[in-house]
Amino acid sequence: MNTPPVLLIHGGAWAMPDDAVEAHKAGIAAALAAGYALLERGASALDAVEAAVTVMEDDEAFDAGRGSFLTRDGRVQLDALLMNGANLRTGGVACVERLKNPIRAARLVLDHSPHVYFVGVGAERFARQHGMALIDNTELIVPRERERLMAFQKAELEGAVDTTFSGPRHLDKEDEDSDPTTHSHDTVGAVALDRSGHIAAGTSTGGTLSKAPGRVGDSSLIGCGCYADDHSAAVSLTGWGEPIMKLVLGKWAVDRVAAGAPPEVAAEAAIDYLYGRLGGHGGIILIDRQGRIGLAHNTPRMAWGLQTANGTQVGVTRNGLR
Ligand code: ASP
C-alpha cells in the first residue's frame with residue numbers, strides 16, 4: 001500500500017490574543033515538519049504523532065511539557081495519551097511531574113506494558129525503568145506561568161473568579177473574561193495517516209490553570225480527548241476538559257465517522273453537541289483512513305496545521321482551511 005500520508009495537528013483552542021499568534025504558528029509549523037518528514041520516509045502514523053507532539057511539548061508557547069499551566073500549588077502536572085488505530089494499542093500517563101516529554105512515556109506504556117494507563121509516581125517509575133530521565137519539576141516551569149497563576153489566584157481572592165463551575169470562569173459578564181474560552185487552552189494534539197493506511201492519535205497537556213493537584217482532564221483519557229481506530233477515525237481534542245469528559249466526546253465523534261459521517265461533518269457535530277448539551281468550549285481534529293479530515297472549534301481561535309502531499313497549511317481559525 002502507498003497511501004499519501006496526512007498529518008493534522010492542533011495547539012489549543014481559545015481566545016488567543018494577537019500577540020500569541022506568531023509563536024503558535026511557528027510551533028505548529030515545526031511540529032508538522034518533524035512529523036511529516038517521518039511519514040514521507042514511510043514511518044508509522046504513531047511515530048509521526050509522537051514526534052509532532054514532542055516538538056510542541058518542548059515549545060514553551062503551548063500548555064504541554066515545559067511552559068504548562070501551574071496547579072493550584074504552583075507545580076506542573078502533565079497528562080498524555082497515544083493510541084494506534086492499527087491495533088488499538090494505547091498508552092497513557094497522568095499527573096506526571098518529572099518527565100520532560102509525557103508523550104514519550106505514553107509511547108513506552110503503549111510499547112512495553114500490558115497495561116494502558118499509569119499515573120503519578122508509578123508512571124514516572126515506569127518511564128525511568130524504560131530509559132527516560134527524571135527531571136526536577138522546576139525545569140518545566142516558566143516565569144510567565146508563575147505570574148499567570150499569581151494573577152489568577154489574586155482574582156480568586158477578590159471574588160472575581162467562579163471556581164465552583166467546571167472550569168475557572170470570571171464572574172463579570174461585562175468583562176470578556178466571563179467567557180471561559182478566554183482562558184488559555186493550549187493543549188497539543190496530532191492525528192495522522194501513514195503510507196500503510198493506518199491512523200493514530202496523540203494528545204498532551206498541562207491541564208487547566210490553577211487545577212487542583214491530582215486533577216485529570218479529558219486530554220489523556222481514552223475516548224475523551226483522544227482516540228484512534230482504523231475502523232473509524234483518529235481524533236484529538238482541546239478545550240474545557242470536564243464537559244468533554246462527561247460526553248466522552250472523542251469516541252462520540254469517531255463513532256459518527258464509523259456510522260458514515262464524513263470527518264468534517266462529525267467534527268462540527270461534536271462541537272455542536274459539546275456546546276448544546278453542556279455549554280462547553282473547545283476544538284477537535286479528526287482523520288479517517290481515506291485521509292479525509294475534520295476540524296471544528298467554537299472558540300475564537302484554534303491553532304492548527306495540516307500537511308499532505310499537496311502542501312502545508314497553518315492557521316489560527318478554521319476559515320483558513322476552507
Ligand atoms: N482539555 C485540557 C484539560 O482540560 C485543557 C486544554 O485543552 O487546554 O485538561
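In what follows, residues are counted from 1 in the order of the sequence shown. In each ligand, atom 1 is the first atom listed, and ligand 1 is the first ligand listed.
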One finds that the ligand 1 atoms under 4.0 Å from a non-hydrogen atom of T238 are 6 (C), 7 (O), 8 (O)
Return the option from D218, T187, V188 holding the heavy atom at the smallest distance from atom 1 (N) of ligand 1. D218
Does ligand 1 have a heavy atom under 4.0 Å from the side chain of R215, from its backbone, from both, or from neither? side chain
Hey, which atoms in ligand 1 end up nearer than 4.0 Å to a heavy atom of D186? 8 (O)
State if G239 counts as touching ligand 1 under the rule of any non-hydrogen atom under 4.0 Å. yes
Should I287 and I285 be counted in the same cluster of Ile, Leu, Val, Met, Phe, Trp and Tyr side chains packed under 4.5 Å apart? yes
Check whether any side-chain N or O of R98 sits under 3.5 Å from a backbone N or O of I135 as a donor-acceptor pair, and report yes or no. yes
For L237, is at least one N or O under 3.5 Å away from an N or O on ligand 1? no
Show your working on side-chain hydrogen bond (donor to acceptor under 3.5 Å, both in side chains) between S204 and E57 and close with a plain yes or no. CA-CA 7 Å; S204 181; E57 284 179 341; 2.6 Å; yes
Test side-chain hydrogen bond (donor to acceptor under 3.5 Å, both in side chains) applied to N298 and H281, step by step: CA-CA 6 Å; N298 62 353; H281 290 88; 4.7 Å; no
Using side-chain heavy atoms (C-beta onward) and a distance below 4.5 Å, is L286 in contact with Y227? no
Would S219 count as a contact of ligand 1 if the rule is a heavy atom under 4.0 Å away? yes
Please evaluate residues E97 and V76 with respect to the criterion side-chain contact (heavy atoms from CB on, under 4.5 Å), reporting the C-alpha separation (whole Å), side-chain torsions for both, the decisive distance (0.1 Å), and the verdict. CA-CA 6 Å; E97 296 191 347; V76 167; over 6 Å; no
